[in-house]
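Structure, as structure tokens:
Atom set for the values below is all heavy atoms of this structure, side chains included, hydrogens, waters and symmetry mates excluded.
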Amino acid sequence: MTLTVASWNVNSVKARLPGVVDWLKSAEPDVVCLQEIKCQDEDFPRMEIEDLGYNVETVGQKSYNGVALLSKRPIDEISHRVLPGKEDEPQARYIEAVISGESGAVRVASIYLPNGNPSPGPKYDYKLDWMARLKTHAGALLALEEPVILAGDYNIIPRDDDVFDAAAWAGDALIREESRDAFSAIKWLGYTEAFEQVDGRAHQYTFWDYQAGAWPKNNGIRIDHLLLSPQAADRLDSVEIDRGPRGKEKASDHTPIIGTFRL
DNA sequence: ATGGTCGGTCCCCGA
């Protein structure tokens, strides 16, 4: 028995609904972490997703941001709807749930980390502050000694091998040294970044800009990640990027990444 | 040669 956990920034769930439904039907992931749903909770196409066999939990916001968790397994508890550390956070960027595993609980979060551009500036400061909060919370989760999967759009290009041309992105908030250091700091707590721990993987992307023919030229970046606690990393079978949805009509600029776990 | 992106919302902002 395996548990598949996907992460996908859909860039508006309403604009993407036919594509999302098609993908859920064909890929049949057990758990899906969505980002940038760009709607309030009451406007989420809940019934269309529930009809596919998913439990649905959302943290929505008008126009911007917004995250959701879809799960075929029972959701035992929503442990957080805001990233701890700033409870009056106005931006919908975090939801964390406890999901029933084959042998105990699995904790899954859908994360939409701030973009941070332009940098430097207040938006970049917000990104780094948000990452510091994430580090604190991720550390606290490790103490539970549970399988934890922190999945989402991190807006971080971890290595130069995760971008078609690092020079073209120099100075961008997604690639700056401070951004990478903040991401590394979370990993150093004891988290494994699922995709990069597989040897020899380079220049496989999860995002291609709408502009300048980035998709046909494969001018992409890898910014959607699964961070795993040791108890989740031990049970990871494989992790893959599914480029299919990016090539469809009315595509999101991101495509899903899927981890398969013995959980 | 020129223009060359989306989505949501309100005529511009965020990515």
Item to check | Donor-acceptor pair, side chain of A:Asn155 and main chain of A:Leu113, under 3.5 angstrom | outcome: yes
Next on the checklist: Quiz question: by atom type and distance under 3.5 Å, do the side chains of A:Asn219 and A:Asp209 form a donor-acceptor pair?
Outcome noted: no
Checklist entry - Which residue lies toward the 5' end of DNA chain B, A:Val13 or A:Glu36, if each is placed at its nearest nucleotide? => result A:Val13
Checklist entry - A:Trp208 and A:Asn218: side-chain donor and acceptor closer than 3.5 Å? => result yes
Next on the checklist: Need to verify one output field. Residue with the more 5' nearest nucleotide on DNA chain B, A:Ala251 or A:Tyr64?
Outcome noted: A:Ala251
Item to check | Shortest side-chain distance from A:Arg93, nucleotide among B:dG7, B:dA15, B:dG8 | outcome: B:dA15
Checklist entry - Does the side chain of A:Lys250 get closer than 4.0 angstrom to OP1 or OP2 of B:dC6 through an N or O atom? => result no
Item to check | B:dG3 versus B:dG7 - spacing of their P atoms, nearest Å | outcome: 23 Å
Checklist entry - Between B:dC6 atom C1' and A:His254 atom NE2, what is the distance in whole Å? => result 12 Å
Checklist entry - Does a salt bridge link A:Arg222 with A:Glu193, judged by any charged N lying under 4.0 Å from a carboxylate O? => result yes
Item to check | A:Arg16 side chain near B:dC6 phosphate (N/O to OP1/OP2, under 4.0 Å) | outcome: no
Checklist entry - In terms of side-chain heavy atoms, does A:Glu96 have a donor or acceptor partner in A:His137 at a distance below 3.5 Å? => result yes
Next on the checklist: Any residue in residues 205-220 of chain A with a heavy atom nearer than 4.0 angstrom to DNA chain B? Just list them by number, or reply none.
Outcome noted: A:Tyr210, A:Gln211
Item to check | A:Lys123 vs B:dG14: side-chain N/O to OP1/OP2 distance below 4.0 Å | outcome: yes
Checklist entry - Where do A:Tyr191 and A:Ser229 land on the side-chain contact (heavy atoms from CB on, under 4.5 Å) test, with the steps shown first? => result CA-CA 5 Å; A:Tyr191 282 87; A:Ser229 72; 4.2 Å; yes
